[in-house]
Chemist: 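To start, I am sharing the structure in question, which I have written as structure tokens.
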Amino acid sequence: MIIAIDGPAGSGKSTVARLCARQLGWHYLDTGAMYRAVTVAALERGLALDDGEALGRLTSECPVSFGYVEGDPLPATVAIAGQDVTAAIRTAAADANVSEVSAHAQVREACVSQQRAIATDRDAGNYVVEGRDIGTVVFPQAEFKFFVTASPEERARRRSAQNAERGLPGDYQQILDAIRARDAYDSTRAVAPLRAADDAVVIDTTELSIQDVCARIVDAVQRSGAAADAAGAPLGSAGGAGA
Ligand code: DC
């Protein structure tokens, strides 16, 4: 069974998706981490970021894998072609280039086929899958679809507070401008633009806590009986996602 959680950067969807996976005891797939891993590999190899063919080949030839620690259903590490990139995918260089890399149809095709293989592996159990196009493109047949969003101003406020905590530059206006630019780019790109699936439940988190959002999602799943059906799913059997 699949819960698709899509939404823009800063909407809180990652935190929500991780918390839901923990509460339900389901696996978690961060598809943004996959595009980030491809970006890191492309930068390291000095590939031109406007060369969709070369980047598509790289994505097909260098599968992304996730590493787990005993007893935790959430992955602890990310690797591409066996090379650990857990820290590298969160750097400013990855941030600055991932939109361009992930906009290529060839990259998306190769990433999407890896995502489908990981989350539908026979031994994989149930997955919370987080991204931008999970409910629309990757798993249009997902049993549950949520689109988590928040106003650009609230997302900029959250990002600026997060940056301040990490000692990173946190100018609110600059962050707000960057968020607006990224939204425009992601939602108007030719391939798999960011948008809510017609049958997704849209949750605006502007005035909600992470716990409230997660409770709504977990409630919806539990009310449907799916969580109970899933109780026997093997956790920790990482299937295709295992490193
Ligand atoms: O969620 P994130 O910020 O880690 O995502 C990084 C980038 O990857 C972001 O620019 C959008 C892109 N992405 C995508 O195009 N499709 C996905 N399913 C996930 C992420």
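Indexing begins at 1, ligand by ligand and atom by atom, following the structure's order.
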Chemist: How close do Thr206 and Ala150 get, heavy atom to heavy atom, and via which atoms?
Modeler: OG1-CA, 3.4 Å
Chemist: How close do Ile203 and Ile217 get, heavy atom to heavy atom, and via which atoms?
Modeler: CD1-CG1, 4.0 Å
Chemist: Compare all side-chain heavy atoms of His104 with those of Thr59 and state whether any distance is below 4.5 angstrom.
Modeler: no
Chemist: If we only count heavy atoms from C-beta on, is the Trp26 to Ile3 side-chain gap below 4.5 Å?
Modeler: yes
Chemist: Would you please say whether a donor-acceptor pair under 3.5 Å links the side chains of Glu130 and Thr31?
Modeler: no
Chemist: If the cut-off is 4.0 Å to any non-hydrogen atom of Gly32, which atoms of ligand 1 fall inside it?
Modeler: 4 (O), 5 (O), 19 (C), 20 (C)
Chemist: Compute whether any side-chain donor of one residue and acceptor of the other, for Thr205 and Arg155, lie under 3.5 angstrom apart.
Modeler: no
Chemist: Hey, does Glu100 sit under 4.0 Å from ligand 1 if you only count heavy atoms?
Modeler: no
Chemist: Show me which atoms of ligand 1 lie under 4.0 Å from any heavy atom of Arg189.
Modeler: 14 (C), 15 (O)
Chemist: Identify, for atom 10 (O) of ligand 1, the protein heavy atom at the shortest distance, and state residue, atom and that distance.
Modeler: Arg182 NH1, 3.1 Å
Chemist: What protein heavy atom sits nearest atom 4 (O) of ligand 1, and how far away is it?
Modeler: Arg36 NE, 2.7 Å
Chemist: Test Val64 against every option in Gln114, Gln115, Arg36 by the side-chain contact (heavy atoms from CB on, under 4.5 Å) rule and name the one that passes.
Modeler: Gln114
Chemist: Looking at atom 19 (C) of ligand 1, what's its closest protein heavy atom, distance included?
Modeler: Thr31 OG1, 3.4 Å
Chemist: At the 4.0 Å heavy-atom cut-off, does Ala9 count as touching ligand 1?
Modeler: no
Chemist: Which of the atoms of ligand 1 are close to Gly131, meaning less than 4.0 Å from one of its heavy atoms?
Modeler: 18 (N), 19 (C)
Chemist: Please report which non-hydrogen protein atom sits nearest to atom 15 (O) of ligand 1, along with the residue it belongs to and the distance in Å to one decimal place.
Modeler: Arg108 NH1, 2.7 Å
Chemist: As an exercise, identify every atom of ligand 1 less than 4.0 angstrom from a heavy atom of Lys13.
Modeler: 1 (O)
Chemist: Is the shortest distance from a heavy atom of Gln115 to ligand 1 less than 4.0 Å?
Modeler: no
Chemist: For ligand 1, is there an N or O atom under 3.5 Å from any N or O atom of Tyr35?
Modeler: no
Chemist: Which residue supplies the protein heavy atom nearest to atom 12 (C) of ligand 1, what is that atom called, and how far is it?
Modeler: Ser102 OG, 3.6 Å
